[in-house]
Every structure is written in C-alpha cells, then in structure tokens.
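In what follows, every chain begins at residue 1, and chains take the letters A, B, ... in the order their sequences are listed.
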Number of protein chains: 2
Amino acid sequence: MKKKHEYCCPIDATISLIGGKYKSIILWHLIGKILRFNELQKLVPCATAKMLSQQLRELVQDGLINKVIYPVAPPKTEYSLTEHGNSLIPVLDAMCSWGKKIIVTS
Amino acid sequence: MKKKHEYCCPIDATISLIGGKYKSIILWHLIGKILRFNELQKLVPCATAKMLSQQLRELVQDGLINKVIYPVAPPKTEYSLTEHGNSLIPVLDAMCSWGKKIIVTS
DNA sequence: CAGTATCCAAATGGATACTG
DNA sequence: CAGTATCCATTTGGATACTG
C-alpha cells in the first residue's frame with residue numbers, strides 16, 4: 001500500500017490508501033461510531049486478529065483513523081475516523097450501495 | 001478476488017470484484033471509451049502486460065467489461081464497459097474525486 | 001498487435017502460541 | 001482485552017523470452 005513513485009492517476013492514489021483487503025470494510029464500520037478492537041473483530045470476521053491489527057496500524061499511519069489507548073486494566077482502546085477518514089464517506093457509501101445491488105442480483 | 005464463502009458486508013462484495021490492484025484504474029480509463037490493449041498499457045504504465053491481461057480477463061469473467069476480438073492481421077481487440085460496468089461509475093467517480101484531493105494535499 | 005509461458009522474488013495471509 | 005511473534009502456505013507481481 002505504500003508507494004514511493006508518483007501515482008499514475010487519482011484512482012491509484014485512492015487505492016494505495018484504502019486498497020488493503022479489509023481497509024474499506026473497517027472504515028465503513030467506523031462511520032459515525034467509535035469501536036474497540038474486539039468489536040471490530042466481530043464485525044469483520046473474515047479478518048484474523050493479525051490482519052486486523054496490521055490494517056488498523058496502517059490506517060492510523062495514513063491518518064484515516066484515530067487510536068486512543070486508555071491506561072486501564074483490562075486494556076481498552078478505541079478506534080474512530082479522523083476528519084480525513086470522514087472525507088472518505090462518499091466513496092464508502094458508493095461502494096456499499098453498489099455491493100448491495102450485486103448481492104441481491106447474484 | 002473469487003470468494004466461495006458469503007460476503008461479510010456489501011463493501012466486501014464490491015472489493016471482491018474491483019479490489020484487484022489495477023482493476024478500478026482500468027475501469028476508470030474505460031469510462032465512455034473503447035480502448036485497445038496497447039492503449040491501456042500506455043494509460044496504466046504501472047501494470048505489466050502480464051498483470052494487465054490477467055486483470056482484464058477477470059473483469060471480463062465478472063461481466064464488467066466486454067472484449068471484442070477482430071479477426072484481422074495485425075490482431076485487434078477492443079475493451080469497453082458492459083452495462084454492469086457502467087453501473088460502477090459512481091463508485092469510480094467518488095474514488096477519483098477523493099484521490100485528486102489527497103494528491104494536491106500531499 | 002495482443003498477448004502467453006516460465007521462472008522467480010516479494011507480499012499477503014492464516015494458525016498457533018504467547019504477552020502486558 | 002488488545003494485541004505481538006513466529007512459522008509457514010498461498011498469492012501476487014515482475015522480468016524475460018516467446019507466439020499467432
């Protein structure tokens with residue numbers, strides 16, 4: 001997902017940030033919500049814990065989501081969309097609408 | 001890009017069809033156009049010929065693009081969006097708009 | 001022109017076990 | 001709870017050479 005060279009087009013830029021296998025799914029679940037790690041695990045059952053934490057880490061690095069760690073026992077973390085992440089909502093909505101159509105069709 | 005299990009959400013379904021590294025870029029270039037293989041190669045320089053033909057084949061299989069082979073010498077083929085492919089335009093547009101924004105910002 | 005074949009390197013992803 | 005570490009299998013992707 002990281003590219004050092006220049007993008008060949010705007011779509012390329014978008015894909016390089018949200019093209020990860022589970023990234024758009026994670027972002028979609030975070031729209032208007034604050035979720036903890038195990039809540040995301042339940043919502044994205046197709047991703048293993050390893051994959052989930054990896055993708056979350058990259059999304060944090062790319063400034064699309066916030067991660068807040070509460071220094072309590074047992075550990076508690078919360079993930080939410082940043083402003084930048086919120087700007088993706090139109091993209092996620094379009095993907096979701098199209099996905100719904102092909103699910104009922106198939 | 002093929003999944004036998006059920007999708008965990010609509011976004012998942014969309015990703016499984018257009019989540020390939022170059023698929024959305026190819027589709028975007030085909031909006032309102034009919035392009036030949038070598039034209040697509042120039043437009044998507046980040047993809048090798050192998051990758052391009054592979055992704056095109058999958059897109060044809062998934063019913064998103066048409067491939068027309070003209071029985072002439074030298075060989076000539078043309079790729080275009082199907083009706084189903086056209087229904088993706090809102091998704092591609094959203095991805096493109098967002099990509100433009102992050103390119104100027106970065 | 002429009003690809004395919006082959007070989008190989010790198011990235012991705014899953015299972016299991018473990019930690020603060 | 002919220003992860004990380006390790007190992008390993010699969011997938012992806014690039015380079016090069018070749019074909020109808």
Side-chain angles (χ1 to χ4, degrees), chain A residues 1-8 11-12 15-26 29-30 33-62 65-80, chain B residues 1-8 11-12 15-26 29-30 33-62 65-80:
Chain A
M1 301 315 140
K2 19 198 148 162
K3 296 202 183 166
K4 278 136 196 164
H5 67 272
E6 283 307 304
Y7 304 119
C8 66
I11 301 266
D12 191 14
I15 289 293
S16 74
L17 287 181
I18 64 162
K21 196 169 179 182
Y22 308 109
K23 283 185 183 173
S24 47
I25 301 178
I26 293 168
H29 283 297
L30 285 173
K33 287 186 206 135
I34 297 173
L35 295 173
R36 299 178 59 170
F37 188 83
N38 67 340
E39 293 175 315
L40 279 167
Q41 268 195 293
K42 285 168 205 153
L43 292 168
V44 194
C46 46
T48 59
K50 175 190 166 187
M51 278 300 104
L52 189 56
S53 80
Q54 198 172 94
Q55 304 267 294
L56 285 168
R57 210 179 314 131
E58 290 181 11
L59 288 167
V60 170
Q61 278 169 10
D62 289 334
I65 63 174
N66 293 124
K67 174 178 183 175
V68 179
I69 304 174
Y70 294 91
V72 295
K76 175 179 174 180
T77 58
E78 286 183 342
Y79 294 96
S80 59
Chain B
M1 300 315 140
K2 18 198 148 163
K3 296 201 183 165
K4 279 136 198 166
H5 67 272
E6 283 308 303
Y7 304 119
C8 67
I11 301 265
D12 191 12
I15 289 292
S16 73
L17 286 182
I18 64 164
K21 196 171 181 182
Y22 309 109
K23 284 185 182 174
S24 48
I25 300 177
I26 293 168
H29 283 297
L30 285 174
K33 286 186 206 135
I34 297 172
L35 295 173
R36 299 178 58 172
F37 189 83
N38 69 339
E39 294 175 314
L40 279 166
Q41 269 196 292
K42 285 168 203 153
L43 291 168
V44 193
C46 46
T48 60
K50 176 189 166 186
M51 278 301 104
L52 189 56
S53 80
Q54 198 172 98
Q55 305 268 293
L56 285 168
R57 209 179 315 132
E58 291 180 12
L59 288 167
V60 170
Q61 278 168 10
D62 290 335
I65 63 175
N66 293 123
K67 174 178 183 173
V68 178
I69 304 174
Y70 294 90
V72 294
K76 176 177 173 181
T77 56
E78 286 183 343
Y79 295 94
S80 58

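- Distance B/L52 CG to D/dA15 C1': 16 Å, rounded to the nearest Å.
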task = Check the pair B/V60, B/N66 against side chain to side chain contact (heavy atoms under 4.5 Å, CB included), reporting the backbone distance first and the verdict last.
result = CA-CA 6 Å; B/V60 170; B/N66 293 123; over 6 Å; no

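- When the P atom of C/dT12 is taken as reference, atom CE of A/M51 falls 9 Å away, rounded to whole Å.
- Rounded to an integer number of Å, the gap from CG of B/L35 to C1' of C/dA2 is 15 Å.
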message = Both atom distances under 3.5 Å, Watson-Crick or G-U wobble: I'd like the secondary structure of DNA chain D as a dot-bracket string, with | for pairs made across strands.
response = ||||||||||||||||||||

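- With rounding to whole Å, B/E58 atom CD is found 12 Å from D/dT11 atom P.
- The nucleotide whose nearest atom lies closest to any side-chain atom of A/P74 is, among C/dA2, C/dG14, D/dC1, D/dC1.
- The CD atom of A/Q55 sits 9 Å away from the P atom of C/dT12 (whole-angstrom rounding).
- When the nearest nucleotides of DNA chain D are assigned to A/N38 and B/T48 by heavy-atom distance, the more 5′-ward of the two goes with A/N38.
- Regarding A/K23, its NZ atom lies at a distance of 12 Å from the C1' atom of C/dT12, rounded to whole Å.
- For A/V72, the side chain to side chain contact (heavy atoms under 4.5 Å, CB included) partners two or more places apart in sequence, or in a different chain, are A/Y70, A/K76.
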Residues 39-52 of chain A side chain polar contacts: donor-acceptor under 3.5 Å, at least two apart:
unit_1 : atom_1 : unit_2 : atom_2 : d
A/E39  : OE1    : A/R36  : N      : 2.7
A/T48  : OG1    : A/M51  : N      : 3.3

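- Expressed to the nearest 0.5 Å, how far OG of A/S80 lies from CD1 of A/I34 amounts to 5.5 Å.
- Closest approach of A/L17 to A/K23, counting heavy atoms only: O-CD, 3.4 Å.
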Protein-to-nucleotide contact annotation, 5' to 3' order, nucleotides 3-10 of chain D [B base; S sugar-phosphate only; - none; under 4.0 Å, heavy atom] = SS-BB---

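- Put simply, OG on A/S16 and CD1 on A/I11 are 11.5 Å apart, with the number rounded to the nearest 0.5 Å.
- Nearest heavy-atom pair, B/Y7 versus B/D12, reported as atom, atom and distance to 0.1 Å: CA-OD2, 3.5 Å.
- Under a 3.5 Å cut-off, the side chain of A/E78 and the backbone N or O of A/L35 do not form any donor-acceptor pair.
- Summarising the geometry of A/L30 relative to A/Y79, their closest heavy-atom pair is CD2-O, 3.4 Å, with the distance given to 0.1 Å.
- When every heavy atom of B/I25 is checked against every heavy atom of B/K21, the shortest pair comes out as CD1-O, 4.3 Å.
- Between the P atom of C/dG13 and the CD atom of A/Q41 lies a distance of 16 Å, rounded to the nearest Å.
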Measure all distances between protein nitrogen or oxygen atoms and nitrogen or oxygen atoms of nucleotides 18-20 of chain C, and list the pairs falling under 3.5 Å.
none

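- Put simply, OH on B/Y22 is 9 Å from C1' on D/dT12, counting in whole angstrom units.
- Taking SG from A/C8 and NE2 from B/H29, the interatomic distance works out to 6.0 Å, rounded to the nearest 0.5 Å.
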